[in-house]
Amino acid sequence: MSALKDPLPYDKTSPEDILRYSKLLEGTTFKNVLDNCGPGCRFRDDKGKGRLGQLLEECHFFYMPNSDMKADFEDAGVELKTTPIKRLKNGKIRAKERIVLSIINYMEIVDERWEDCSLMKKSSLLLLIFYLFDRNLKRLDYKILKVLLWQFSDTDLMIIHQDWINIVNKIREGKAHELSEGDTNYLGACTKGIDSNSMREQPFSEIRAKQRAFSLKQCYVNSIISGGFDDAESVIKNVDELKNKTFEEIILSKLDIYSDMSVDDIDRKVGYMQKMNAKNHYALLAARMLGLKKDRIAEFEKGDISIKTIRLKKDGTPAESMSFPAFKYLDIVDEVWEDSRFYEFLTKRFFFMVFQEDDLGILHFKKGMFWAMPSKDLEEAKTVWEETKRRVLADIDNFPKSSESHVAHVRPHGRNKADTYETPSGKNWTKKCFWLNAGYIKEQIGK
DNA sequence: GCATGATCATGC
DNA sequence: GCATGATCATGC
C-alpha cells in the first residue's frame, strides 16, 4: 500500500479504525468524495471511465490500488469491496451483482491448501461499501448507503471451504474448462474477462479454460445486506454438523428416510396440511422433509439453489419437460448469450426433488439431487437460444422444437394464448419460454 | 405415448 | 395483475 497522504487520517493497522473512517462515507456521493480530494486528482474529469472502487481508494483512503495478492489494507488484513445495490419496485434493497474476490490462477491454485490459500489471505475480512445503483443518475451521483466490516460466520465459512475444495478439485482433474457457478453453494467460480475469449491455460489439460474468479454469489450478498434472511430457516443448526459431512451430504441424508415413501405418507409424517393441488406443493414439502418449520430454506436462498420438482412416470420418464420464465421478445434480441436470462438460469445450481409414480399412479419420493448443467450441454442450449433469437429477429413465430435439440426447446408459457409479449416488429405473440426436454432430464437424473 | 399447445395455482 | 413453477389437453 503506497500512501498518497501523510499522515493518513486513519490507523491503517486497525480494522476498527478503518471502519470508523469508512463510516464517514455513509450518506455521501462519489462526487462529494471527489470534491474533498486534492486539485490534482485524476478522477476530477471523470468521463465515466475508471472504477468507483479506485476512486474511494485514492480519494478517500489515500492509497494507490495494490496488486492482486495482498489485502487492500494489508496491515489490518482488510480487503475493500465497493459494490452496487439496487432498489426493487416494492422498495426492497437487493445486491445488483455478485462480489468478485480474486482471480483464480489455475496453474498455481492446484498446489494451495485451504489453510493458507490465497483467497482467504485476501478475503477473510471484507470492508463492504454499498452504493445505490440508479440508471437515471450519473455514476458520480450514486449515493453510498451502507458501510460494514464483514467476517464470515463459522457455518458459512465451512460451506465456502467445501465450495473452494470442489472448485480446486475440478481444476486438479483437468476440468477447469467445465467449471460452472452451479457447481457450488456460496462461493462461485464466475467468469471474468473482457469478453468470453479471455482463455487461460490449465495445468492438467491441454484445453484452454475461460478465465474465472472466486466470487460471492449475488444471493449470498443479499443475505449480507439483509442481515440474514429473517423468514428463511437454516438446515444446518450447528457448525459441527459440517465437520464430518459436506452440506450436500447432510441435505441428502436428511431426505433418505423418505425414500420410496408415498406423498400422502410424507405429508402425514411431516404434519403438512397444505392444499394438495398447490403447484408448489412438492417444493414446500422439501423444506418440511429437511426438518424445517418454515417453507424457505436459508442455505438454498443464500446459494441461489432453485428447487425443481420432477415427476417420473412408471417407466421412469419425466411426465413433463422443465419450464423456465417466459422471455420477452424485445429483450432477447438485444442480449448476447453470456449475458442472457436463459444463460443466467442454466448456470445456476439446482436441486431436483424426484418423485416416481407407481403402478397405481401414486407418487413416491425417489431422491433429492443437486445438479448443474454440464458445460457441453450449455453449448447445446446456446445453439437453441441463438436460433430462437434469430427467429424473433426474422419475425418467425415458430420456434425450436424438442426434435431439433436433445437438450432444450421453446414452447408457450402464459396464462392462456391471449397472454402475449410484443415483438420487435410490433406484433403480439403468445408468451413463450425455454424448456429442458423431458428426455434430457431423464438422462441427467440417471447420473 | 409423445410432441406441442394451452392453461392452472399461487404469491407478491 | 402479473411472473413463475407446474400441470393439463389434444392430435397424431
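First the proteins, then the strands, lettered A, B, ... as listed; each starts at 1. What's counted below: heavy atoms across the whole structure, side chains too, no hydrogens, waters or symmetry copies.
For residues 241-260 of chain A, the salt bridge (charged side-chain N to carboxylate O under 4.0 Å, His left out) pairs, not counting sequence neighbours, are A:Asp240-A:Lys243, A:Glu248-A:Arg349. Screening residues 18-29 of chain A for salt bridge (charged side-chain N to carboxylate O under 4.0 Å, His left out) gives A:Asp17-A:Arg20, A:Lys23-A:Glu26 as the qualifying pairs, with residues at least two apart or on separate chains. The stretch residues 350-365 of chain A participates, sequence neighbours left out, in these side chain to side chain donor-acceptor pair (under 3.5 Å) pairs: A:Asp358-A:His364. Residue pairs that meet the side chain to side chain donor-acceptor pair (under 3.5 Å) test with at least one member in residues 321-336 of chain A, sequence neighbours left out, are A:Tyr329-A:Lys432.
Rounding to whole angstrom units, CZ of residue A:Phe434 and P of C:dA6 are separated by 19 Å. Going from atom CE of A:Met322 over to atom P of C:dT7 covers 11 Å, rounded to whole Å. Straight-line distance from the CZ atom of A:Phe355 to the C1' atom of C:dA6: 13 Å, rounded to whole Å. The CZ atom of A:Arg94 sits 12 Å away from the P atom of B:dC12 (whole-angstrom rounding). Distance A:Ile307 CD1 to B:dT10 P: 18 Å, rounded to the nearest Å. The CG-P distance, from A:Asp397 to B:dA6, rounds to 10 Å in whole Å. Between the P atom of C:dA6 and the CZ atom of A:Phe352 lies a distance of 10 Å, rounded to the nearest Å.
Between A:Arg311 and C:dA6, a side-chain N or O to OP1/OP2 separation shorter than 4.0 Å is absent. Under 4.0 angstrom from either OP1 or OP2 of C:dA6 there lies no side-chain N or O belonging to A:Ser323.
Heavy atoms of A:Lys431 sit under 4.0 angstrom from primed sugar atoms or phosphate atoms, though from no base atom.
For the salt bridge (charged side-chain N to carboxylate O under 4.0 Å, His left out) test, no residue two or more places apart in sequence or in another chain qualifies with A:Lys367. With sequence neighbours excluded, no residue forms a side-chain hydrogen bond (donor to acceptor under 3.5 Å, both in side chains) with A:Asn428. Among residues two or more places apart in sequence or in another chain, the salt bridge (charged side-chain N to carboxylate O under 4.0 Å, His left out) test is passed with A:Glu320 by none. Listed by chain and residue number, A:Trp114 satisfy the ring-ring contact (aromatic ring centres under 6.0 Å, His included) test with A:His161 (two or more places apart in sequence, or in another chain).
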Stepwise side-chain contact (heavy atoms from CB on, under 4.5 Å) test for A:Asp377 and A:Gln444: CA-CA 11 Å; A:Asp377 299 337; A:Gln444 293 300 308; 3.6 Å; yes
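Summary for the helix from B:dG1-C:dC12 to B:dC12-C:dG1: the axes at its two ends, each from 5 pairs, differ by 30° when rounded to the nearest 10 degrees.
Shown for residues 327-334 of chain A: no residue has heavy atoms falling under 4.0 angstrom of DNA chain B.
Looking at A:Lys302 and A:Asp156, a side-chain N of the basic residue comes within less than 4.0 Å of a carboxylate O on the acidic one, giving a salt bridge.
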Considering only nitrogen or oxygen atoms on both sides, find all protein atoms under 3.5 Å from nucleotides 1-5 of chain B and state each distance.
{"from": "B:dC2", "atom 1": "OP2", "to": "A:Lys313", "atom 2": "NZ", "distance (Å)": "2.9"}
{"from": "B:dT4", "atom 1": "OP2", "to": "A:Ser402", "atom 2": "N", "distance (Å)": "2.9"}
{"from": "B:dT4", "atom 1": "OP2", "to": "A:Ser402", "atom 2": "OG", "distance (Å)": "2.6"}
{"from": "B:dG5", "atom 1": "N7", "to": "A:Arg411", "atom 2": "NE", "distance (Å)": "3.1"}
{"from": "B:dG5", "atom 1": "O6", "to": "A:Arg411", "atom 2": "NH2", "distance (Å)": "3.0"}

Would you list the atom pairs, donor with acceptor, under 3.5 Å between side chains in residues 123-135 of chain A and any protein atom, with sequence neighbours excluded?
{"from": "A:Ser123", "atom 1": "OG", "to": "A:Leu119", "atom 2": "O", "distance (Å)": "3.4"}
{"from": "A:Ser124", "atom 1": "OG", "to": "A:Met120", "atom 2": "O", "distance (Å)": "3.3"}
{"from": "A:Asp134", "atom 1": "OD1", "to": "A:Asn136", "atom 2": "N", "distance (Å)": "2.8"}

